[in-house]
Each structure stands twice: as C-alpha cells, then as structure tokens.
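To keep things clear, I will list the structure first and then write my remarks on it.
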Amino acid sequence: QVQLVESGGGLVQAGDSLRLSCAASGRTFSNYAMGWFRQAPGQEREFVASISRTGAATSIVDSVKGRFTISRDNSKNTVYLQMDSLKPEDTAVYYCAASTAILPVTPRNRYDYWGQGTQVTVSS
C-alpha cells in the first residue's frame, strides 16, 4: 500500500501562485510514476500532470502548460505541483496519485493509489 497526503491548497486571487505537495509513505517512492489530477464541482476528475519514476520525463495537460510544473524529490518521497498565474477555472480539488508505470501516464485507471485531495480556490 502507498499512502498519499496532499497539502498546500488554499484560497488565492487570480494571477497568484501555489505549490502543492504530496507526501508518500508505505512503499518505495521511486518505484512509482506520480500524477496530479483535479476535479471541479459537477465535473469529471481530469488529468493535470504526471512525472516518471526518476523525474526525467513529465507530461502536462495543454490547459495548464506554461503555468504549472510537476517535479519530485525522491529523497523526500514527495511530488510537487507548482502552479503559477492561477485562473478562476483552476478552482478544483487537486489529487495526487501513484502508478506502477515507469514513464508519465495519463489515464486515471493506470493509477493505483490516490490521496484525499486538497482544495484550490482562485478568486477573480
């Protein structure tokens, strides 16, 4: 089992930045590709970003490309999502997830473990 705990969410204004963190425990962190997803009220959970086991490769959804960056620190068992130039449409609950894939992976069903989520609210 892998336990994932997200932190760093909050209420910010449009144009501000936030950095989300996801701390993992229970298994060897570097054996998992990691991803971030988000879910707005009444909408499906959607892919945001993913990073390979080593951190050498990433994948970012087009809607946040150039504003969001995913990274990881395997020595700290933590994956990050740096969010800059936030927009009201970025408002959602953000979830991190772990996959046994080696490279970045997009589909939700490729992820085996999920955190409880952290709320991000961007006011206009």
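In this chain, residues are counted from 1 in sequence order.
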From D16 atom CG to L11 atom CG, the distance as rounded to the nearest 0.5 Å:
9.5 Å

Does a side-chain heavy-atom distance below 4.5 Å link W36 with V79?
yes

Just jot down the salt bridge (charged side-chain N to carboxylate O under 4.0 Å, His left out) partners of R108, sequence neighbours excluded, or say none.
E44

Atom pair SG (C96) and CZ (R38), whose distance is rounded to the nearest 0.5 Å
16.0 Å

Show me the donor-acceptor pairs, under 3.5 Å and distance only, between side chains in residues 49-59 and residues at least two apart or in other chains.
{"unit_1": "S50", "atom_1": "OG", "unit_2": "M34", "atom_2": "O", "d": "3.1"}
{"unit_1": "S50", "atom_1": "OG", "unit_2": "V105", "atom_2": "N", "d": "3.0"}
{"unit_1": "S50", "atom_1": "OG", "unit_2": "V105", "atom_2": "O", "d": "3.4"}
{"unit_1": "S50", "atom_1": "OG", "unit_2": "Y111", "atom_2": "OH", "d": "3.0"}
{"unit_1": "S52", "atom_1": "OG", "unit_2": "G55", "atom_2": "N", "d": "3.3"}
{"unit_1": "S52", "atom_1": "OG", "unit_2": "A56", "atom_2": "N", "d": "3.3"}
{"unit_1": "S52", "atom_1": "OG", "unit_2": "A57", "atom_2": "N", "d": "3.1"}
{"unit_1": "S52", "atom_1": "OG", "unit_2": "A57", "atom_2": "O", "d": "3.4"}
{"unit_1": "R53", "atom_1": "NE", "unit_2": "N31", "atom_2": "O", "d": "3.1"}
{"unit_1": "R53", "atom_1": "NE", "unit_2": "A101", "atom_2": "O", "d": "3.2"}
{"unit_1": "R53", "atom_1": "NH2", "unit_2": "N31", "atom_2": "O", "d": "3.3"}
{"unit_1": "R53", "atom_1": "NH2", "unit_2": "T100", "atom_2": "O", "d": "2.7"}
{"unit_1": "T54", "atom_1": "OG1", "unit_2": "A56", "atom_2": "N", "d": "3.2"}

Decide yes or no for V2 and D112: does some side-chain heavy atom of the first lie under 4.5 Å from some side-chain heavy atom of the second?
no

Heavy atoms, side chains only, cut-off 4.5 Å: are S21 and E6 in contact?
no

Holding to ring pair (Phe, Tyr, Trp, His ring centres under 6.0 Å), I want the full list of residues that pass it with Y80, two or more places apart in sequence or in another chain.
none

Could R72 and Y32 be counted as a cation-pi pair, given that NZ or CZ must be under 6.0 Å from the ring centre and within 45° of the axis?
no

Where do V48 and I60 land on the side chain to side chain contact (heavy atoms under 4.5 Å, CB included) test, with the steps shown first?
CA-CA 6 Å; V48 177; I60 307 284; 5.8 Å; no

Is it the case that T91 and E89 place a side-chain donor and acceptor less than 3.5 Å from each other?
no

Rounded to the nearest 0.5 Å, the CZ atom of F37 sits from the OH atom of Y95 at a distance of 12.0 Å

Who pairs with R67 by salt bridge (charged side-chain N to carboxylate O under 4.0 Å, His left out), at least two apart in sequence or on another chain?
D90

At what distance, to the nearest 0.5 angstrom, does CG of D73 lie from OG of S30?
11.5 Å

How long is the gap from CG on L86 to OG on S17, to the nearest 0.5 Å?
6.5 Å

Determine whether M83 and V120 make a side-chain contact, defined as any pair of heavy atoms from C-beta on separated by less than 4.5 Å.
yes

What residues, two or more places apart in sequence or in another chain, satisfy salt bridge (charged side-chain N to carboxylate O under 4.0 Å, His left out) together with K65?
D62

Summary of salt bridge (Lys or Arg N to Asp or Glu O under 4.0 Å) pairs that have at least one residue in residues 115-124, sequence neighbours excluded
none

Just wondering, do V93 and T118 contact through their side chains at under 4.5 Å, heavy atoms?
no

Please determine whether the number of non-hydrogen atoms from other residues, nucleotides or ligands lying under 6.0 Å from atom CD of E46 exceeds 12.
yes

So, do T69 and L81 sit near enough that their side-chain heavy atoms are less than 4.5 Å apart?
no

Rounded to the nearest 0.5 Å, what's the gap from CH2 on W114 to CZ on R45? Could you check?
5.5 Å

